Amino acid sequence: MSDYDIKDINQAEGGRRRMDWAEREMPVLRQIRERFRKEKPLKGLRVSACLHVTTETANLMVALQEGGADIVLTASNPLSTQDDVAAALVNQFEIPTFAIKGEDKVTYFKHIRAALEHKPHMTMDDGADLVSSLFFIEMGRFEKLEPSLASWAKGLSDDERKEMLKNVIGGTEETTTGVIRLKAMEADKVLKFPVIAVNDALTKHLFDNRYGTGQSTIDGIIRATNVLLAGKNFVVAGYGWCGRGLASRARGMGAQVIVTETDPMKALEAVMDGYQVMSMGEAVKIGDIFCTVTGDINVLDGQHFKAMKDGAIVANSGHFNVEINIPALEKMSKGKPALVRPFVEQYITTDGRKINILGEGRLINLASAEGHPASVMDMSFANQALSAEYMAKNADKLEKKVYSVPEDIDKEIARLKLEAMGVKIDILTPEQVKYLGSWEEGT
Ligand SMILES: NC(=O)c1ccc[n+]([C@@H]2O[C@H](COP(=O)([O-])OP(=O)(O)OC[C@H]3O[C@@H](n4cnc5c(N)ncnc54)[C@H](O)[C@@H]3O)[C@@H](O)[C@H]2O)c1
């Protein structure tokens with residue numbers, strides 16, 4: 001395979017300008033990059049990264065490169081790549097990048113193959129497609145692989161397949177869905193190296209999942225449709241970290257927000273936060289706009305499409321495109337959907353209703369918008385960079401488990417972010433430290 005596979009190298013200058021724009025909002029990552037340049041903590045390490053190819057990711061790649069890593073980058077979603085950024089990484093930073101916005105499944109996995117052929121010492125995943133492919137190949141479970149990746153893997157000798165895994169000292173994982181998959185691998189005893197769950201850091205999910213997904217999902221829905229949110233019934237499926245952010249941002253735009261949940265605690269929290277909470281069966285009768293953000297499958301299913309209003313707008317911001325059962329909608333529709341605007345496919349049901357699916361059911365904030373703003377990705381990717389450094393230094397002491405980001409790294413990122421924002425906080429006095437650590441003082 002060649003050194004890169006991108007849409008158009010001529011877009012590099014525009015991509016570089018947008019990378020620089022994002023970098024201005026990433027002061028924590030900048031400090032890490034400057035230290036990495038001097039200390040080279042990743043020297044000699046081959047890193048295969050499978051991440052959304054955005055301006056923020058590009059800045060992370062540059063930081064890792066300055067830390068001495070030899071990187072290959074592949075997309076973690078067929079629709080999330082920013083082609084100009086991919087071009088800038090190849091043209092201006094010589095980082096082999098394999099990502100084309102709108103690539104089909106075969107190309108997506110051809111690109112994952114390029115990341116595997118890099119023979120990584122470290123993996124950096126967003127959704128665990130890279131690590132799961134690596135394990136299926138090593139286990140010889142070719143039936144679980146996309147057919148073209150399977151046929152390549154079958155052509156490798158047993159030694160070559162095992163060798164691919166032997167090199168890996170550890171990995172990191174960016175998102176909730178990936179962490180769930182990795183913990184399932186650990187429980188099934190198939191996880192073969194330690195992985196740091198970047199998503200579980202407080203400086204990641206409290207900000208990225210909540211404020212980042214909240215804002216950018218609204219941005220994606222508006223860019224795709226240009227609808228007014230004020231006065232609309234906006235249904236948010238899932239009231240986890242992302243759902244909370246999305247619900248609060250939709251309310252801020254004047255929408256009537258309805259939350260659906262399966263977890264009684266989260267549902268209760270949504271009720272007390274002032275939202276209407278009901279089953280999806282009820283919500284579909286009144287919803288104008290729907291957005292799933294659960295990490296689950298078939299949250300919007302055939303029975304829901306049957307009851308949806310004419311003109312409903314349906315999007316997903318959860319990791320995989322399985323939250324909306326699009327095949328079920330296809331079955332109850334007349335002919336193929338029409339692309340009525342970029343990222344808006346309109347299905348006409350056999351009873352004549354129009355249902356609009358945004359971004360093929362893929363993460364709408366990355367499909368039709370630019371993903372999270374750089375300021376939150378600053379913290380997420382500071383976690384990635386410092387976790388990679390931690391893994392490089394400590395992999396030999398770690399077990400084949402999913403680890404949290406060490407608390408001192410998490411706290412240091414919060415401190416650096418506040419410092420960069422010019423926000424000062426109080427420091428506990430010795431008297432307060434003593435008081436908070438004692439049990440003797442009472443009424
Ligand atoms: N769009 C993005 O850029 C972005 C960013 C971060 C995370 N994610 C992804 O978004 C998804 C959610 O992440 P999170 O951090 O909010 O997870 P979370 O675990 O905090 O929340 C998910 C919520 O969905 C609920 N849920 C599960 N099945 C449901 C169903 N059938 N109906 C209604 N609710 C249901 C769960 O009870 C839970 O409260 C994951 O797939 C994650 O990887 C996307």
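Along the sequence shown, the residues carry numbers beginning at 1. Start at 1 and go down the list; that is how both ligands and their atoms are numbered. If you're wondering where the values come from, they're calculated on a predicted model, not measured in any experiment.
- From the protein, the heavy atom lying nearest to atom 37 (O) of ligand 1 is Glu261 OE1, 2.8 Å.
- There is no side-chain donor-acceptor pair under 3.5 Å between Thr175 and Asn199.
- Using the six-membered ring where Trp is involved, Tyr239 and Tyr275 have ring planes that are perpendicular, over 60° apart on the 30 and 60° scheme.
- Proximity of His205 to ligand 1 is not established, as no heavy-atom distance is less than 4.0 Å.
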In sequence, state the C-alpha distance, the side-chain angles, and the governing distance for Tyr108 and Phe98, and then conclude on ring-ring contact (aromatic ring centres under 6.0 Å, His included). CA-CA 9 Å; Tyr108 177 78; Phe98 296 81; over 10 Å; no
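- Counting atoms of ligand 1 from 1 in the listed order, those under 4.0 Å from a heavy atom of Thr260 are 33 (C), 34 (N).
- His372 and Thr213 share a side-chain donor-acceptor pair at under 3.5 Å.
- Residue Leu134 comes nearest to Leu116 through the heavy atom pair CD1-CD2, 3.7 Å, listed as atom of the first residue, atom of the second, then distance.
- At a heavy-atom cutoff of 4.0 Å, ligand 1 is contacted by both the backbone and the side chain of Thr294.
- Considering backbone and side-chain atoms together, Glu323 places no N or O closer than 3.5 Å to any N or O of ligand 1.
- By the criterion of a heavy-atom distance under 4.0 Å, the side chain of Asp296, and not its backbone, is placed next to ligand 1.
- In terms of heavy atoms, Cys50 sits closest to Leu130 at CB-CB, 3.9 Å.
- Residue Met391 comes nearest to Pro194 through the heavy atom pair CE-O, 3.4 Å, listed as atom of the first residue, atom of the second, then distance.
- Atom 26 (N) of ligand 1 has as its closest protein heavy atom Thr262 OG1, 3.6 Å.
- For the pair Arg223 and Phe343, the cation does not sit on the ring face, since its NZ or CZ is not both under 6.0 Å from the ring centre and inside 45° of the axis.
- Among all non-hydrogen protein atoms, the one lying nearest atom 9 (C) of ligand 1 is His319 N, 3.7 Å.
- Of the protein's non-hydrogen atoms, the one nearest atom 1 (N) of ligand 1 is Ser317 O, 2.8 Å.
- Contacts between Lys266 and ligand 1, counted as non-hydrogen atom pairs separated by less than 4.0 Å, involve the side chain only.
- For atom 40 (C) of ligand 1, the closest heavy atom belonging to the protein is Thr177 OG1, 3.3 Å.
- Heavy atoms from both the backbone and the side chain of Thr176 come within less than 4.0 Å of ligand 1.
- Among all non-hydrogen protein atoms, the one lying nearest atom 12 (C) of ligand 1 is Val293 O, 3.5 Å.
- Gly318 CA, 3.5 Å is the protein heavy atom nearest to atom 10 (O) of ligand 1.
- Protein heavy atom nearest atom 18 (P) of ligand 1, with residue, atom name and distance: Gly240 CA, 3.9 Å.
- At a 4.0 Å cut-off, at least one heavy atom of His372 sits close enough to ligand 1 to count as contact.
- Here the closest heavy-atom approach between residue Gly240 and residue Lys266 is recorded as CA-NZ, 4.4 Å.
- Listed here is the closest heavy atom pair of Lys285 and Lys309: O-CG, 3.5 Å.
- Atoms of ligand 1 found under 4.0 Å from any heavy atom of Leu363, numbered from 1 in the order shown, are 1 (N), 2 (C), 44 (C).
- Residue contact check: Trp241 has heavy atoms under 4.0 Å from atoms 15 (O), 16 (O), 20 (O) of ligand 1.
- In terms of heavy-atom proximity, Ala392 sits nearest to Met122 at N-CE, 3.9 Å.
- In the candidate list Thr213, Val179, Val259, Thr213 is nearest to atom 4 (C) of ligand 1, counting heavy atoms.
- Cation-pi geometry between Arg17 and Trp21 is not met: the NZ or CZ atom fails to fall both under 6.0 Å from the ring centre and inside 45° of the normal.
- The distance criterion of under 3.5 Å between nitrogen or oxygen atoms is not met by Gly243 with respect to ligand 1.
- For the pair Pro78 and Arg362, the minimum side-chain heavy-atom distance is below 4.5 Å.
- For Asn365, every heavy-atom contact with ligand 1 shorter than 4.0 Å involves the side chain, none the backbone.
- The distance from ligand 1 to the heavy atoms of Thr175 drops below 4.0 Å at these ligand atoms: 6 (C), 7 (C), 8 (N), 9 (C), 42 (C), 43 (O).
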